[in-house]
There are 2 protein chains.
Amino acid sequence: MKLASNLQEQVASHLRRRILSGQLLPGTPLREQSLALEFGISRGPIRDALLHLTKEGLLVAKPNVGVRVAAEPSGFKRNVIVHLRREIEASAVTAWFETRDPSLLRRLDDNLALYREACGGSDLAQVVELDMAFHRLLVETADKGSLVDLWLPIMLRMFLRYSRHRDLMESYHEHASIVRAMHGGREWEALEALKSHIV
Amino acid sequence: MKLASNLQEQVASHLRRRILSGQLLPGTPLREQSLALEFGISRGPIRDALLHLTKEGLLVAKPNVGVRVAAEPSGFKRNVIVHLRREIEASAVTAWFETRDPSLLRRLDDNLALYREACGGSDLAQVVELDMAFHRLLVETADKGSLVDLWLPIMLRMFLRYSRHRDLMESYHEHASIVRAMHGGREWEALEALKSHIV
DNA sequence: TCGTCATTGATTGTTGACAAATGACAATAA
DNA sequence: TTATTGTCATTTGTCAACAATCAATGACGA
C-alpha cells in the first residue's frame with residue numbers, strides 16, 4: 001500500500017498518516033531540515049511533500065516561515081464540507097446503480113472485513129486508512145475515477161478531526177448497511193444510508 | 001495584482017493566467033527546463049509552481065515523465081463541479097445576508113465596473129481575472145475566508161473551458177443582477193441569480 | 001519605563017550539478 | 001513481418017551549498 005518509487009510521495013503519505021491518526025496535532029510546526037534528517041534524505045523531496053499536503057489542506061504554509069498542521073475546520077466550514085462530500089459520493093453511487101458492476105461489491109466486501117477487524121483493534125492509523133479506502137472505492141467507480149482528485153482534499157479536511165468524536169464500530173455498521181443496500185439493488189436506501197453516514 | 005515575493009508564486013500565477021485564457025491548450029506538455037530558461041530562473045521554483053498547478057487541477061503529472069495541461073472535465077465531472085460551486089458560493093452569500101456588510105457591496109460594484117469594461121475589450125486574460133475576482137469576493141466574505149481554499153481548485157477546473165462557450169456581456173449582466181439583488185436585500189433573488197449563473 | 005531599531009540565529013528560498021528513469025529508435029532474431 | 005532487446009537522448013528526481021528572509025533578543029535613546 002505504501003510503495004512509491006519517488007521519495008516525495010513516500011514522505012507525503014507517511015506524514016498524511018501521522019496527521020490523520022492524530023499523532024501530529026493541529027498547530028504543530030514541521031521543519032524541512034528536521035524531516036530531512038528524520039527520513040535520511042535531502043530537503044528537496046521534503047519540500048515537495050509539504051507542498052502536496054499544504055494543497056490538500058492538511059498543512060498551512062506561511063511564506064518564509066514554514067508549515068504547521070492545519071487547524072480543524074470551523075463549524076461553518078465543516079458544514080459546507082459535509083454537503084460537498086455528500087454531493088460527490090452520492091453522484092458516484094448513483095452512477096454505479098446505472099451499471100451495478102459487481103466487482104465494486106466484491107472490493108467493498110473485502111474492505112468491510114478488514115475494517116471490522118481494524119475497528120476492534122487499536123491501530124487508529126489503520127482504521128483511518130480503511131475508512132478512507134472504502135469511500136475512495138465508491139468515488140473511483142464513477143466516470144473512470146475522474147472525481148477522485150476533486151474528492152480527496154475535501155475528504156482529508158474532514159478527516160482532520162477523525163480521531164475524536166467517532167464511535168468506530170458504529171461507523172463500521174454504517175458502512176455495512178450502505179453495502180447491504182447496494183447488494184440488494186435498493187438505490188434510495190443506499191443513498192440515504194450514505195447521507196446519514198457523512199456527518 | 002501580480003506581486004509576490006517568492007518566485008514559485010509568480011511563475012504559478014503567470015502560468016495559471018496563460019492556461020485559463022486559452023493560450024496553453026489542454027494536452028500541451030510543459031518542461032521544467034524550458035520554463036526555467038523562459039523565466040530566467042532555476043528549475044527549483046518551477047517545480048514548485050508546477051506542483052501547485054497540478055494540485056489545483058490545471059495540470060496533470062505523470063511521475064518521471066512530466067506535466068501537461070489538463071483536459072477539460074467530462075460532462076459527468078463538470079455536472080458535479082457545478083453543484084459543488086453552487087453549494088459553496090450559495091453558502092457564502094447566505095452567510096453574508098446575516099450581516100449585510102456594506103464593504104462587500106462596494107467592492108463588488110468596483111469589480112463590476114472593471115468587468116464591464118473588460119468584457120467590451122479583447123483581453124481575455126483580464127476578463128477571466130475579473131470574473132474570478134468577483135466570485136472570490138463572494139466566497140471570501142463568509143467565515144473569514146475559510147472557504148477560499150476549498151473553492152479555488154473547484155473553480156479553476158471549471159474555468160478550464162472558460163474561453164469557449166461563453167457570452168461575455170451576458171455574463172456581466174448576470175453578475176450585475178446578483179449584486180442588484182444583494183443591494184436590495186432580496187436574498188432569495190440573489191441566490192437564484194447566482195444559481196442560474198453557475199452553469 | 002517604554003518604544004525603536006540593529007543584531008543574530010534559525011528557517012525557508014534558490015541554485016547548479018549529478019543520478020535515475022522514461023520513451024523512441026534501431027538492430028537483431030524468430 | 002513481427003516481437004524483443006539494447007542503446008541513446010531527453011526529462012524528471014535528488015542532492016548539498018549558498019542566499020534571502022523572518023522573528024526574537026537585547027541595546028539604545030527618549
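Note that this is a predicted model, so its numbers are computed, not measured.
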Completion exercise
Each nucleotide of nucleotides 10-21 of chain C classed B (base within 4.0 Å of a protein heavy atom), S (only sugar-phosphate) or -, in 5' to 3' order, makes -SBBBBS----S

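A distance-only check finds a donor-acceptor pair linking the side chain of R100(A) to the backbone of F97(A) [under 3.5 Å].
The salt bridge (charged side-chain N to carboxylate O under 4.0 Å, His left out) search around E140(B) returns none, not counting sequence neighbours.
Nearest heavy-atom pair, A92(A) versus L138(A), reported as atom, atom and distance to 0.1 Å: CB-O, 3.4 Å.
Remark: the D109(A) side chain and the H183(A) side chain contain an N/O donor-acceptor pair separated by less than 3.5 Å.
Residue F39(A) contributes atom CZ, which lies 13 Å from atom P of dC15(D) at whole-angstrom precision. Atom P of nucleotide dT12(D) and atom CG of L59(B) are separated by 12 Å, given to the nearest angstrom.
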Exercise for the section: In sequence, state the C-alpha distance, the side-chain angles, and the governing distance for H175(A) and D131(A), and then conclude on side chain to side chain donor-acceptor pair (under 3.5 Å). Expected result: CA-CA 9 Å; H175(A) 280 200; D131(A) 190 356; 3.1 Å; yes

